[in-house]
Amino acid sequence: MSSPFIPKRIVITAYPKINEAYSEAEAMRAFLGEKGLDVLVGSLYDEGIRQRVKEGEFDLLIAVGGDGSVLRAGHLCAPAKVPILGVNLGRLGFLIQIDRREWRGYFERLLDGEAWIENRMMLRTEHVRAGENLGVLIALNEAVVARGENLRPVRLTAFVDARELSSYVADGLIAATATGSTAYALAAGGPILPPELRNILLVPIAPHLSVDRAVVLSEGSSVGIVIKSENAVLSVDGQPPTPLMEGDHVNVTAADVTAQFIRFGDPGYFYRNITMHINENSLGFPR
């Protein structure tokens with residue numbers, strides 16, 4: 001657990017597809033204004049706000065939305081080392097400690113110096129074709145190499161630290177962080193990892209006559225995935241997919257930046273969240 005954290009320069013971003021996100025964000029601004037803080041409110045996708053975050057103008061971003069909003073905030077804030085405080089207006093909230101009914105009490109605790117900063121490992125994902133680097137993306141949850149539009153499996157070979165691990169005929173292969181172990185990797189049968197781990201988790205998706213077990217790699221290991229067939233795509237944290245060609249390489253390592261989250265109390269919040277959410281999708285789809 002890190003030292004207590006008290007922010008002075010706060011921006012609140014609302015997820016525009018949740019109607020009540022802006023009204024809730026404005027209520028937060030009024031609350032913090034009464035405490036003497038001048039707070040900016042806007043959309044997470046406002047380019048002006050995003051540029052100011054990148055330039056280090058703020059020391060805290062409050063993300064009002066769901067897990068997806070926090071993922072997008074993580075991509076924005078990690079390079080600028082801006083901590084994120086999520087307030088959940090979405091459905092699950094695996095990444096978020098504070099529910100919409102609780103933020104006033106938690107904000108009081110934040111300003112009283114009761115918060116601490118949790119660092120979560122991210123992934124650096126590199127797409128290489130014929131030796132040329134076509135792009136680098138960072139991921140908080142996972143990088144996925146998977147089949148494209150055609151409903152047939154893809155052929156992949158995975159390498160760990162440049163040594164061949166296994167070949168797969170599968171719907172795809174997930175390289176996940178500990179944070180992502182409760183997301184797509186969990187749905188594909190992977191284990192749940194403690195969030196502080198800096199290990200990469202490899203999980204095949206619907207493997208056919210291939211290794212069907214997840215593998216947790218040693219801290220510091222790198223992953224190489226070579227595409228051995230057509231109809232493959234790369235997607236990072238659920239973003240729109242990038243088409244891949246046979247022979248392309250996808251290289252995954254720990255990123256040199258981390259996502260920083262504001263937390264309260266003991267680190268056991270993570271396991272309490274799991275207990276609360278683990279069967280939620282079996283109980284219907286409440287808003």
Side-chain angles (χ1 to χ4, degrees), residues 13-18 21 42-51 53-54 61 63 65-80 84 86 90-92 94-95 120 122-130 132-156 168 170-177 179-188 190 200-206 223-253 255 257 259:
T13 59
Y15 181 54
K17 291 187 178 180
I18 297 179
S43 167
L44 179 60
Y45 302 101
D46 182 295
E47 282 303 322
I49 288 178
R50 295 178 67 84
Q51 186 59 37
V53 171
K54 293 174 184 175
L61 184 145
D67 281 332
S69 301
V70 173
L71 275 177
R72 304 291 94 75
H75 298 161
L76 172 65
C77 293
I84 301 162
R91 190 167 55 83
L92 288 178
F94 263 120
L95 298 172
R120 297 279 187 104
M122 302 184 79
L123 298 176
R124 179 185 188 275
T125 303
E126 178 186 49
H127 177 199
V128 177
R129 177 172 297 159
E132 180 183 0
N133 185 340
L134 299 184
V136 173
L137 297 167
I138 62 170
L140 177 56
N141 271 350
E142 73 275 296
V144 182
V145 175
R147 65 169 175 78
E149 293 182 352
N150 296 324
L151 298 181
R152 59 174 182 265
V154 289
R155 295 177 180 272
L156 309 168
Y168 298 90
D171 276 0
L173 184 63
I174 303 169
T177 62
T179 299
S181 72
T182 57
Y184 195 1
L186 180 64
I200 296 175
L201 170 64
L202 284 181
V203 185
I205 307 167
V223 175
I225 303 172
V226 180
I227 289 74
K228 297 286 190 177
S229 63
E230 299 177 341
N231 185 41
V233 297
L234 167 66
S235 179
V236 169
D237 283 348
Q239 296 294 297
T242 300
L244 299 172
M245 295 177 60
E246 186 173 353
D248 282 5
H249 291 230
V250 174
N251 301 320
V252 182
T253 59
V257 297

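All of these numbers come straight from a predicted model, not from anything done at the bench.
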Over 12 foreign heavy atoms within 6.0 Å of [atom1], [X]:
X      : atom1 : value
Glu230 : CD    : no
Gln51  : CD    : yes
Arg50  : CZ    : yes

Name the atoms and distances for all side-chain donor-acceptor pairs under 3.5 Å in residues 180-188, with sequence neighbours left out.
| from | atom 1 | to | atom 2 | distance (Å) |
| --- | --- | --- | --- | --- |
| Ser181 | OG | Ala178 | O | 2.6 |
| Ser181 | OG | Leu193 | N | 2.9 |
| Thr182 | OG1 | Thr179 | O | 3.2 |

Q: Please answer whether the main-chain N or O of Ala63 pairs with a side-chain N or O of Ser69 as donor and acceptor at a distance below 3.5 Å.
A: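 Answer holds: no.
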Q | Any donor-acceptor N/O pair, Asp237 side chain to Asn141 backbone, under 3.5 Å | A |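 Present.
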Considering all heavy atoms of both residues, which atom of [X] and which atom of [Y] are nearest to each other, and what is their separation?
X      : Y      : result
Val236 : Ala143 : CG2-CB, 4.3 Å
Thr177 : Leu140 : OG1-O, 2.6 Å
Pro79  : Val257 : CA-CG1, 4.1 Å
Val233 : Pro241 : CB-CB, 3.8 Å
Ala73  : Leu61  : CB-CD2, 4.0 Å
Leu123 : Ala175 : CD1-O, 3.3 Å

A side-chain contact here means heavy atoms from C-beta on lying under 4.5 Å apart; do [X] and [Y] qualify?
X      : Y      : answer
Val53  : Cys77  : yes
Arg124 : Val252 : no
Ile205 : Val144 : yes
Arg72  : Tyr15  : no
Met122 : His75  : yes
Ile227 : Val154 : no

Q) Taking atom CG of Asp46 and atom OG1 of Thr13, what is their separation to the nearest 0.5 Å? A)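 OG1 of Thr13 is found 10.0 Å from CG of Asp46.
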Q) Between CD of Glu149 and CG of Asn231, what distance do you get to the nearest 0.5 Å? A)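 Going from the CD atom of Glu149 to the CG atom of Asn231 covers 8.0 Å.
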Q. Pick one: which of Thr242, Asp248, Asn251 meets side-chain hydrogen bond (donor to acceptor under 3.5 Å, both in side chains) with His127?
A.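 For His127, the side-chain hydrogen bond (donor to acceptor under 3.5 Å, both in side chains) test succeeds with only one of Thr242, Asp248, Asn251, which is Asp248.
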